[in-house]
There are 2 protein chains.
Amino acid sequence: MKVLALDTSTMWGIIGISDDGVPLAEIGIKSYSPYSKILMEGIDFLLRQVGLKIDDIEGVGVGIGPGSFTGLRVGISTIIGIAYAKGLLVAPIPSLEAIAMNLTPTNNLICPIIDAKKKEIFSGLFRYKNEEKLYRIEEERSWKPSELAEKIKDKVLFTGSGITKYGQFFKETLNEKAAFVSKRFWFPRGSILAIMAERMIQLGEGVKPHLIKPIYGRASDAELSLNGNKE
Amino acid sequence: MKVLALDTSTMWGIIGISDDGVPLAEIGIKSYSPYSKILMEGIDFLLRQVGLKIDDIEGVGVGIGPGSFTGLRVGISTIIGIAYAKGLLVAPIPSLEAIAMNLTPTNNLICPIIDAKKKEIFSGLFRYKNEEKLYRIEEERSWKPSELAEKIKDKVLFTGSGITKYGQFFKETLNEKAAFVSKRFWFPRGSILAIMAERMIQLGEGVKPHLIKPIYGRASDAELSLNGNKE
């Protein structure tokens, strides 16, 4: 089954294509220009290189966050557009789980962290069930670092670009419980995302495009301000 | 330091750009059309997306095999051309080590395997020294699977696309000593290759372009036939 997937929840945007669990093509780009420009050019480039047309794609997937408002909306809108036009199901992929899936199976907890600004991190806690599947210990959302640290009772492997800013805090707070993977594992991989999407669709977890909802991880400034005014 | 690296030793071609150990951009493509076409278009695409020009690149790296004759030659020639034109040093990266670097640090041996045809595999044995560095236990070259199996006395984690054809053999031969990672880890990653190249250049392991030599892993058919005729 040929699957196209993308994730634009962070500053590292990815596109991937897989076929029956095998990587066909992938792109990863630290985004300087807006994703709206990169995405279509990137999808077109990848399809062309592997000799496929958009009509050959049988399912799609998208990283649903948590992550930045604009980035998420651009990625999700693009995939929804393709899925709607082609009548395809969409796999809603937790973006932090895609980062965690870069790490080879381990008995430790896995904790991807991304800087969410405002002294918070986008994070969640996972553990490998088997080679192919992580299960969720703590929900993916924005956390105060200290609040997340209190949930961690076991050895944990941190990954993700949030280590730059928050690694020191977790090292001091969790001591020998905390380990950190090096930078080359911090960013999700297009081909892994596509393989995750394929598996979700096969498990019946694909949904119609209009049902895809981003996890923003917290309320927007506009919402916070609106609620503040109500109170 | 901005580094561009590529590897065309197998059917999964990669291009990556990193800057001070952080991924900037990557492409991975299962090659159907010749690499000579993909490479320049891919390099140009990646540089454009991250707002760099070829003049901004301060070092280059290339996977030197072992691998297919034609694939290796195209990739190495391209990088040598760029390095010569820009006066840059080239990091010669062992291609199988780039595959092994996909796996997060483990105490086990790591054994990447690629089908080398003629009932042989391109392989080598590695062990992590630390997060950033693998050390070589057995040389990267073409092996008869049984000859390699005899060298393995310890728990070993296999990776690489050769598992499809030879996984069963190693499982039966090595029993509980052998473990296998799933397909999403089998193919090298552009950004990891670039980070490896950067580190080599910083360690003084970069060389002038004319000194880059591919590891073909075994003699070519032409050479074998020539030697055969001599005997």
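Because the structure is predicted, anything quoted here is derived from the model rather than measured. Labels below follow one simple rule: chain letters A, B, ... track the order of the sequence lines, proteins then strands, and each chain is numbered from 1.
Of all the listed residues (B:Met196, B:Glu41, B:Glu132), the one sharing the greatest number of non-hydrogen pairs under 4.5 Å with chain A is B:Glu41. Options B:Gly190, B:Pro23, B:Gly16 differ in how many heavy-atom pairs under 4.5 Å they form with chain A, and the most are formed by B:Pro23. With chain B as partner, the option from A:Lys30, A:Glu26, A:Arg48 having the largest number of non-hydrogen pairs under 4.5 angstrom is A:Glu26. Between chain B and the options A:Ile15, A:Thr106, A:Asn102, A:Thr159, the largest number of non-hydrogen pairs under 4.5 Å is found for A:Asn102. Most heavy-atom pairs under 4.5 Å with chain B: of the set A:Ala194, A:Ser191, A:Ala25, A:Gly28, this distinction falls to A:Gly28.
Both the backbone and the side chain of B:Leu103 come within contact range of chain A, with heavy atoms under 4.5 Å apart. In this structure, the portion of B:Asp20 lying under 4.5 Å from any heavy atom of chain A is its backbone and not its side chain. Residue contact with chain B, scored on non-hydrogen atoms closer than 4.5 Å, involves the backbone and the side chain of A:Ile38 alike. Both the backbone and the side chain of A:Met101 come within contact range of chain B, judged by heavy atoms closer than 4.5 Å.
When the shell of 6.0 Å around CG of B:Asn107 is examined, it contains 12 or fewer heavy atoms from other residues, nucleotides or ligands.
Classified by interplanar angle (parallel below 30°, tilted 30° to 60°, perpendicular above 60°), the ring pair B:Phe187/B:Trp12 is tilted.
Shown are B:Phe169, B:Phe180, B:Phe126; of these, the ring pair (Phe, Tyr, Trp, His ring centres under 6.0 Å) with B:Phe158 is made only by B:Phe180.
Between A:Asp115 atom CG and A:Ile163 atom CD1 the span is 12.5 Å, to the nearest 0.5 Å.
Salt bridge annotation for B:Asp56-B:Lys2: absent, with no cationic side-chain nitrogen under 4.0 angstrom from a carboxylate oxygen. Comment: A:Asp154 does not engage A:Lys177 in a salt bridge, judged by the lack of any side-chain N to carboxylate O separation of less than 4.0 angstrom.
Under the 4.5 Å side-chain criterion, counting only non-hydrogen atoms from C-beta, A:Leu4 is in contact with A:Ile54.
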